[in-house]
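The next block holds one structure in the form of structure tokens; read it before the comments.
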Amino acid sequence: YLDPTGKPLTKTLPDFAKDKDLLRSMYRNMVRLRAFDAKAYALQRTGNMGTYPASLGQEAIGIGYGLALKKEDVLVPYYRSTGGLLMHGVSMLEIFLYWGGDERGSDFKVAREDFPIAVPIATQCLHATGVATAIKYRKQQRAVVTEIGEGGTSEGDFYEAINVAGIWNLGVVFFINNNQWAISVPSEIQTNCETYAQKGIAAGIESVQVDGNDILAVYDVAHKAFEKARAGKGATLIEAVSYRLCDHTTADDASRYRSKDELEKGWDSEPIKRLRGYLESLKAWSDKDEEALQKEVADEIEAAVHAYKTFPAPKPEDMFDTLYAELPKHIQQQRADAIARGAKHTGGHH
Amino acid sequence: YLDPTGKPLTKTLPDFAKDKDLLRSMYRNMVRLRAFDAKAYALQRTGNMGTYPASLGQEAIGIGYGLALKKEDVLVPYYRSTGGLLMHGVSMLEIFLYWGGDERGSDFKVAREDFPIAVPIATQCLHATGVATAIKYRKQQRAVVTEIGEGGTSEGDFYEAINVAGIWNLGVVFFINNNQWAISVPSEIQTNCETYAQKGIAAGIESVQVDGNDILAVYDVAHKAFEKARAGKGATLIEAVSYRLCDHTTADDASRYRSKDELEKGWDSEPIKRLRGYLESLKAWSDKDEEALQKEVADEIEAAVHAYKTFPAPKPEDMFDTLYAELPKHIQQQRADAIARGAKHTGGHH
Amino acid sequence: MAAITLIEAVNLALAHELKRDNDVVVLGEDVGVNGGVFRATNGLAQKFGKDRVIDTPLAESMIAGLAIGMAAQGMKPVAEMQFEAFMMPAYDMIYNHMARMRLRTRGRITLPMVIRAPWGGGIHAPEHHSDSPEAQCAHIPGLKVVIPSNPSRAYGLLLAAIRDPDPVLFFEPKRVYRIVKHEIEDNGEEYPLGTCFVDREGTDITLVSWGAMMHETLIAADKLKLEGISAEVIDVATISPLDIDTILESVAKTGRLCIVCEAPRSGSWASEIAAQVAEHGLFNLLAPIGRVTGYDTTMPYYKLEKQFMPSVDRILEEARRLMQYK
Amino acid sequence: MAAITLIEAVNLALAHELKRDNDVVVLGEDVGVNGGVFRATNGLAQKFGKDRVIDTPLAESMIAGLAIGMAAQGMKPVAEMQFEAFMMPAYDMIYNHMARMRLRTRGRITLPMVIRAPWGGGIHAPEHHSDSPEAQCAHIPGLKVVIPSNPSRAYGLLLAAIRDPDPVLFFEPKRVYRIVKHEIEDNGEEYPLGTCFVDREGTDITLVSWGAMMHETLIAADKLKLEGISAEVIDVATISPLDIDTILESVAKTGRLCIVCEAPRSGSWASEIAAQVAEHGLFNLLAPIGRVTGYDTTMPYYKLEKQFMPSVDRILEEARRLMQYK
Ligand SMILES: Cc1ncc(C[n+]2csc(CCOP(=O)(O)OP(=O)(O)O)c2C)c(N)n1
Ligand SMILES: Cc1ncc(C[n+]2csc(CCOP(=O)(O)OP(=O)(O)O)c2C)c(N)n1
Ligand SMILES: [Mg+2]
Ligand SMILES: [Mg+2]
């Protein structure tokens, strides 16, 4: 819909592209996500948090479909779905806690029915189809969305999921974040398909490829796919083509396998600058707005960091208390033992 | 190429369709397979053999690609690949032994490099890609063929295999025996794809659908796909459309889930009658030939049955002797124990 | 009240729960019109409809993954794996997800689901159809692993498994599917999970087993009685969480323990029971702890399966050996 | 001869075999240009080429299945699973195929292959990156399961694993990847599989462990010495097939046994060792068999992982408790 500088590619854009509040919210949330990622990186680098996968350059995907989601819809995220999670009511604190090694980060206070982040790749696709099966069984009008990296589409679970979503006509939307890289593995050696979207043909489901750096495009296809899902009209596979401008995670060093030039080229089409250009062309965004936004975002993040750093440490009994509805006797003894030692532990080794 | 009665569907057929020796061999081997299946059934029914999956109605597939195989090619079969196995040098005795519950049936005397029969569905597809990887690594001109049922294509392993075969340009041919049923599950509830062949699009490999009851067609596509594989030109997915005229196995009762009418319709397009019609139209087959063939096949099978029934029983130590290259000490003691008890065992249960 | 087999008891329990609770659904390969390859779901699709007794595409990771997603929404899926060894494509789902959901979400999402599978050897089945992989499942925290030994327990324990708020693996000894009959009243009464059953009281030796091997074990106990050896026989039934107290009490009384199971010896659940007794009951032991198990090799094709599986003779000989110790 | 870490020792052994034997290839996710996420294959693709150090598509069942097919053709693939928990999608391939090929073909097809995986906790990794699933692998007949505890053993045992004619699972204690250094000469000399290493001679108690926990165990032994308790320390190294004789001999001498491992207690390999000693060495025992293990719960996210894993203190307390028995 928009070119890299933010100029419309077609004479007429869909109506929502004139909804300035929506456009501003798209922009605001992409900026918010990028700032959050930067802070998460800083926390990891300073030893205050564990490994973290950023969304740099891919903000239009999670924010785009996140804005099209309704509260009652269900999100089944993977580890790089921070944008979708934030949009669906998961708090910055919860995300910090998760990557900070604390299960309480998966106990979403608002998005109670969303799945916790899936680290085992592609498994989330099957969970999403299961959730959609329950929703269909109960004749509810709710969409289910899950997200997966382009590399993850090589897993059998991805294919099993789209296949059953097709034959059972499930209201699930599969978002492929095609950021071109699976850690160090580029698409050229991941699959022989020209597009990831065409993998949907193997399941007989509708499949679309979209510019994942154009949030208007992402929002539009997501919105339509969710409406279709809620209406019981079946599944959609959406390949959002983007680029991973960051390392795979804080534990990765992309310079080992990826050229500077490629990375610089990647910056040309990044989504925030593009939407900014469009907003400005509509006179819908000023430097004052930008200043205000930066401050607002910084404050929100600071508050979350403070809450995270002052969050009470987990207790040894937390290892046990939600393992079963009722803890078996022999494990109760282990729990007591762990509590008794809890104090002694320094967290260091030996 | 041929209609159900054996009349050519096109004015000109490929040259090999005039090769009467080849045509007779096709016919001979399909008849041979059908007779073998019948005997295997009888052995099972009389308690002389375990569960057995016949190929009734699907003979053109295994015999068709089997005739196009060279000795140095590798076959990675599934449990319904009896035709391919017989064509690639596996003996009737070995097949009886396998389904008779004896591992020596997997110790193929001729086809030393062929894989044993795969019962865990779709796993054979990955083994075949591995074999093809080794062949490519060693720059050999050998084709690898594997076979899978249409239901098995719903397994992730099938998809992972075609995906890597595509990107690595492996010399492997995937034969889908689409016999319309996965035990009691019809294609209508297996996948939303119109064809199984189109699943190859998800892997970017060449895919063809062929009439699996027309052995001329099966042989032709198999021959071309194998030549392509040997030439290092990559993988092919072939959907051979046929029909399972038998129960799933001797343990199954298809009348529970499948109508008489459908079954009777199935008989109209069965492959043997069809080729017979064509042979006769070429004056390449007479009733005398038929008589001779029936006798020849009956003799061969009787000899195999005799060999099977008089085959020395397996010994307790066989459970251990090929577990490792060198049997660990503690298992040697178990081996001695098993041998000591061997005699006592009656095989009956209390 | 007719006497029914174990497979019929499974069918009865499934029907009972399908009738009682609309959130219960059955899914798997061939569980629909065909009623399952062993007929565990016989007639259920016809009775409760195809949206409650669901024939799935052919993929086990998918079946487990679907059930996880459905259970997360509060449904109570009962998934069938057609045979125990075909559960392995779903092992990742079981290990990395099914067992962990409640804990990792601190109780926010729970999985009231069951995975059933025919289990064990002895029916002359083809390759990969006769394994006993209970130990690699019971080693996973967060799961319950149940193996009934007879029709009544299959009925009562399956009811409990379906009603349990946590995921349960329910392994059905296929060798026993049709060889024993019990009179069962379809009263919906469950048996408790996590409790052993003492099937014979005895004073000289404790024989512990589960699943199909309970039958060889009980026969052995009867024969030992004729020899003047009084054997206490315990059916573990729920191997995880393990009710070790019942076993320890028995060993305190008898001083001798012999554990019988079908799986390969090393790393089997028999080893876990032995380890716990060696830790908590060592000084009650008059004799070494005996384990009569499958050998440390792969379950052979069926011609040799009887030689692989523990026999009444092997149990008897081990029991007599242990009785030598005074 | 420089001192190198365990991860460097793995790299050295891989390079040695790649150089020595053209049938050896390395395959896995990110093992190529990137050199593996832990750098186990650092520089190997550059040195031996992309057809011998192969970046695969992202699929573990595929990686194992490919390796099985390649090994069946006589190649010696060394496959990497990026983390132990991501081996689970390949569990079916390992359980139903890799472990059985030689036996089911009566020796016709053998699989000289290795699957390597970083293993265990303690590095503050994300969820699913800190497990110890060795028991569910060692319970599978036909496999060998090796877990080195230090750089020299990683080098020597990996050489042996690659040269072994049968499939080997090689689990590398990721917590030890960089904390210890050994001087290693790249002489291609292997260490024997299937043999325990006695790292400390002692007379009062036998401490048995493997992998990263060997370090806590050795430290505990040193501290016990100061208390006048002489501990014999055994590194099992190859957990399957298990060299029980070395352990039994030691227990015959010390009369006390404490097994230390990181996995959840129930069904762990510590239980197998305890069971074998309770069977063959019972009357040498002065004290119950102690097991210091992970708790029977899922390895927690990293903030609590230290509280889950056995600590030097837990080993010390258990050893002292066992010393009470005379
Ligand atoms: C089943 C499984 N295998 C391997 C991994 C290790 N791993 C984490 S991220 C990753 C690459 C994923 O790439 P892609 O699917 O493209 O997603 P992206 O990270 O690029 O968003 C790998 C191999 C994992 N988490 N799960
Ligand atoms: C992994 C796995 N799951 C389930 C089974 C049980 N099973 C055996 S055959 C079969 C149906 C296969 O149908 P299809 O793939 O169409 O092959 P066909 O038997 O029709 O040739 C099933 C479910 C199995 N053998 N392996
Ligand atoms: Mg990616
Ligand atoms: Mg079929």
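This structure is a prediction, so every number in the text was calculated from the model and none was measured. Naming: A, B, ... by sequence-line order, numbering from 1 per chain.
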Problem set entry | Under 3.5 Å donor-acceptor, D/Asp51 side chain and B/Tyr137 backbone | no
Exercise. Looking only at heavy atoms, what is the nearest atom pair of B/Ile167 and D/Pro57, with distance?
Worked result: CG2-CG, 4.0 Å
For this session: Please flag which part of B/Ala161 lies under 4.5 Å from any non-hydrogen atom of chain D: side chain, backbone, both or neither.
Result: neither
Problem set entry | B/Asp107 versus chain D, the contacting section by heavy-atom distance below 4.5 Å | both
Problem set entry | Segment of D/Ile54 engaging chain B (4.5 angstrom heavy-atom cut-off) | side chain
Problem set entry | Greater than 12 external heavy atoms within 6.0 Å of B/Lys109's NZ | yes
Exercise. Below 4.5 Å, heavy atoms only, C-beta onward: do B/Ile331 and D/Pro241 meet side chain to side chain?
Worked result: no
Exercise. Which one of B/Val144, B/Thr129, B/Asp321 has the most heavy-atom pairs closer than 4.5 Å to chain D?
Worked result: B/Thr129
For this session: Give me the contact list for residues 89-104 of chain D versus chain B, heavy atoms only, anything under 4.5 Å, ordered by residue number.
Result: D/Asp92, D/Met93, D/Asn96, D/His97, D/Met101, D/Arg102, D/Leu103, D/Arg104
Seminar exercise, completed: Comparing D/Leu242, D/Asp243, D/Asn22, D/Ile244 against chain B, the one with the most heavy-atom pairs below 4.5 Å turns out to be D/Asn22
Problem set entry | chain D contact via B/Ile117 - which portion, at a heavy-atom distance below 4.5 Å | backbone
For this session: Give, as side chain, backbone, both or neither, the part of B/Val74 having an atom under 4.5 angstrom from any heavy atom of chain D.
Result: side chain
Problem set entry | Side chain / backbone / both / neither for D/Thr56 at chain B, heavy atoms under 4.5 Å | both
Seminar exercise, completed: Comparing B/Arg142, B/His330, B/Gln124 against chain D, the one with the most heavy-atom pairs below 4.5 Å turns out to be B/Arg142
For this session: Answer with side chain, backbone, both or neither: which region of D/Asp164 has an atom nearer than 4.5 Å to a non-hydrogen atom of chain B?
Result: neither
Exercise. Taking D/Arg108 for the side chain and B/Ser106 for the main chain, is one N or O donor matched with an acceptor at less than 3.5 Å?
Worked result: yes
Exercise. Charged N to carboxylate O below 4.0 Å: is that the case for B/Arg138 and D/Asp23?
Worked result: yes
Problem set entry | Side chains of B/Phe108 and D/Ile109 in contact at under 4.5 Å (non-hydrogen atoms) | no
For this session: Heavy-atom distances under 4.5 Å only: say whether B/Lys136 touches chain D with side chain, backbone, both or neither.
Result: neither
Problem set entry | Top of D/Gly142, D/Ala59, D/Gly194 for chain B proximity - count of heavy-atom pairs under 4.5 angstrom | D/Gly142
Exercise. Which residues in residues 61-80 of chain D have a heavy atom less than 4.5 Å from any heavy atom of chain B?
Worked result: D/Ser61, D/Met62, D/Gly65, D/Leu66, D/Ile68, D/Gly69, D/Met70, D/Ala72, D/Gln73, D/Gly74, D/Met75
Problem set entry | B/Glu326 atom CD, over 12 foreign heavy atoms within 6.0 Å | no
Exercise. Are B/Asp318 and D/Arg106 side-chain neighbours, meaning at least one heavy-atom pair lies under 4.5 Å?
Worked result: yes
Problem set entry | Pairs of heavy atoms under 4.5 Å with chain D: top-ranked of B/Gly105, B/Pro116, B/Ala134 | B/Pro116
